[in-house]
Amino acid sequence: MAPRVVKGGPAFTEYIAASKMAEPLFGDLQKHVLDKAAKPSGRRQDVLHPSEMIKSDWCHLAAFHRLRLLAESPDRQRTTFTRENIFQEGHQTHSKWQTWLREMGRLAGDWYCQYCEDVFWCDTTPDGCGACDAPPAALLYAEVPLNAHPLRIGGKADGYAPQDGALIEIKTLGLGSLRFERPEFLARYEVETEHGKVHDLTRLWRDFRRPLPSAVRQTQLYMYLANHFEDLPCDRTVFFYDFKSTQETKSFTVTYDESFSEPLIEAAAAIVDCLQTDTAPFCNINGRSGCPSCLEFKEDNK
């Protein structure tokens, strides 16, 4: 049975549009991707994800419901083919940089054996699987687990370079991400032409000199987890950025400052306390009225 694509919203609209495409193969491909996205993601629902915690609209009540129910947010199914394409492009970018670091012997983390399915930690590029003697080619890099079990926080960093005392984060930069996070920066590079407004990509990339704010917040939380819960000493994170429009690259360094993460750690502890007493917290975004995130759980469980 095909997975359910929820009516309403961009996913359903794109699904119907794909059914009517003049080119059947492209339409079938888009429907396949949207069908796949509608299935359970396999992402852990028993932990707080740093990528969610660092958002300004992170709702503690929604997090409480998700952990209590072990259920994905209903918003999970509201995707588009374009969004899924962006995610896949990001995965490919990660693989590229991680492969280069692996070849240099500068990448520590978990490794997954495709032969016996063993997962093991190695401080450098492994010579093979210790469990079944599979060759290095059978091993996939499984990144760096970062967990705070007492606080039910769990995530993964893109890499860890122990010789450098640094976590690794790999990012792509597109006009969409700038439009969302730094619209005032993007607006500086709008140029009027006879065909309308365009962006001066050369100047924009030249003046892009620091990671996006959400990436900084997330990596600060990652470094907190690495230093306090995983015994992975690090005093900085090295960012590798790919500019989608030109395939140019840059690197940035963000130093560790645990004061960034302390309020998030306190919030996670409060949510865990609520779970232990089965007492729902108030919505920290909109009080008793609730916000879109926690109200979705309410609507989904009517």
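- Note: Y160 OH to D110 CG = 13.5 Å, rounded to the nearest 0.5 Å.
- For the pairing with H149, the side-chain contact (heavy atoms from CB on, under 4.5 Å) check across N147, I153, L151 returns one residue only, N147.
- Following chains of ILVMFWY side-chain contacts shorter than 4.5 Å, one cannot reach V47 starting from Y222, and the two form parts of different hydrophobic clusters.
- Distance CG/D133 to CG/D127: 11.5 Å, rounded to 0.5 Å.
- Contact record, G154 with P50: O-CD, 3.3 Å, taken as the closest heavy-atom pair.
- The other residues sharing a hydrophobic cluster with V119 are Y112, L140, where clustering joins ILVMFWY side chains under 4.5 Å apart.
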- Message: Walk me through whether D207 and R209 qualify under salt bridge (charged side-chain N to carboxylate O under 4.0 Å, His left out).
- Response: CA-CA 6 Å; D207 295 343; R209 297 192 177 98; 3.5 Å; yes
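- For the residue pair E143/Q98, the side-chain donor-acceptor check at 3.5 Å is satisfied.
- Following chains of ILVMFWY side-chain contacts shorter than 4.5 Å, one can reach L146 starting from F229, so the two form part of one hydrophobic cluster.
- Considering only heavy atoms from C-beta on, P136 stays 4.5 Å or farther from P126 through its side chain.
- Between R152 and D46, no side-chain nitrogen of the basic residue sits less than 4.0 Å from a carboxylate oxygen of the acidic one, so the salt-bridge criterion is not met.
- The ring pair (Phe, Tyr, Trp, His ring centres under 6.0 Å) search around H228 returns Y224, not counting sequence neighbours.
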- Query: Could you go step by step and tell me if N284 and L61 meet the side-chain contact (heavy atoms from CB on, under 4.5 Å) rule?
  - Reply: CA-CA 7 Å; N284 57 301; L61 178 56; 5.9 Å; no
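- Atom CD1 of I271 and atom CD of Q276 lie 12.5 Å apart (nearest 0.5 Å).
- With sequence neighbours excluded, the residues forming a side-chain contact (heavy atoms from CB on, under 4.5 Å) with W100 are K96, W97, E103, listed by chain and number.
- In this structure, R217 contributes its side chain and I54 its backbone to a donor-acceptor pair below 3.5 Å.
- When side chains are defined from C-beta on, T255 does not count as touching D235, because their heavy atoms never get closer than 4.5 Å.
- For residues 174-183, the side chain to side chain donor-acceptor pair (under 3.5 Å) pairs, not counting sequence neighbours, are E181-S214.
- Distance check, rounded to the nearest 0.5 Å: OG1 of T124 to CE of M104 gives 10.5 Å.
- Between P211 and V216, the closest heavy-atom pair is CB-CG2, 3.9 Å.
- Between F64 and T279, the shortest heavy-atom distance links the atoms CE1-O, 3.8 Å.
- Looking only at distances, a side-chain donor or acceptor of S261 sits under 3.5 Å from a matching main-chain atom of Q220.
- The shortest distance between side-chain heavy atoms of F240 and I168 falls below 4.5 Å.
- Across all their heavy atoms, P263 and F260 have their closest contact at CD-O, 3.7 Å.
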- Could you give me the CA-CA distance, side-chain angles and deciding distance for V238 and L167, then say whether side-chain contact (heavy atoms from CB on, under 4.5 Å) is met? CA-CA 6 Å; V238 176; L167 294 181; over 6 Å; no
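- Taking 4.5 Å as the limit, some side-chain heavy atom of K171 sits within range of a side-chain heavy atom of E169.
- Note that CD of E262 and CG of D257 are 8.5 Å apart. Values are rounded to the nearest 0.5 Å.
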- Query: So S289 and C283, side-chain contact (heavy atoms from CB on, under 4.5 Å) or not? Walk me through it.
  - Reply: CA-CA 8 Å; S289 299; C283 170; over 6 Å; no
- Message: Using the rule given for side-chain contact (heavy atoms from CB on, under 4.5 Å), can you reason through L175 versus H199, listing the C-alpha separation, both sets of side-chain angles and the distance that settles it, and then say yes or no?
- Response: CA-CA 9 Å; L175 298 184; H199 292 94; 3.9 Å; yes
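- With hydrogens and angles ignored, the 3.5 Å screen pairs a side-chain donor or acceptor of D200 with a backbone N or O of R203.
- Cluster annotation: L264 is connected to L275 through the hydrophobic network of ILVMFWY side chains, with a link wherever side-chain heavy atoms come within less than 4.5 Å.
- Once rounded to the nearest 0.5 Å, the distance linking SG of C132 with CD of Q114 reads 10.5 Å.
- Remark: side-chain polar atoms of N227 are paired, donor with acceptor, to backbone N or O of C234 under 3.5 angstrom.
- Grouping the Ile, Leu, Val, Met, Phe, Trp and Tyr side chains by contacts below 4.5 angstrom, directly or via other members, places F180 apart from W205.
- Here F239 pairs with nothing under the ring pair (Phe, Tyr, Trp, His ring centres under 6.0 Å) rule; sequence neighbours left out.
- Hydrophobic clustering of Ile, Leu, Val, Met, Phe, Trp and Tyr side chains at less than 4.5 Å, counting indirect connections, keeps F297 apart from M53.
- When ring centroids are compared, F185 and Y189 come within the 6.0 Å threshold.
- The minimum heavy-atom distance between L225 and A148, with the atom names listed, is CD2-CB, 3.7 Å.
- With hydrogens and angles ignored, the 3.5 Å screen pairs no side-chain donor or acceptor of S95 with any backbone N or O of H91.
- Across Q247 and D242, no two heavy atoms sit closer than the pair OE1-OD2, 4.5 Å.
- The number of heavy-atom neighbours closer than 6.0 Å to CG of D164, taken from other residues, nucleotides and ligands shown, is above 12.
- Open room surrounds OH on Y115; 12 or fewer heavy atoms of other groups in view lie less than 6.0 Å from it.
- With hydrogens and angles ignored, the 3.5 Å screen pairs no side-chain donor or acceptor of K250 with any backbone N or O of R210.
- Residue H94 forms a side chain to side chain donor-acceptor pair (under 3.5 Å) with just one option from T99, D158, T172, and that option is D158.
- For the side chain to side chain donor-acceptor pair (under 3.5 Å) condition, the pairs that include at least one residue of residues 49-59, sequence neighbours left out, are R43-S51, R43-E52, E52-R66.
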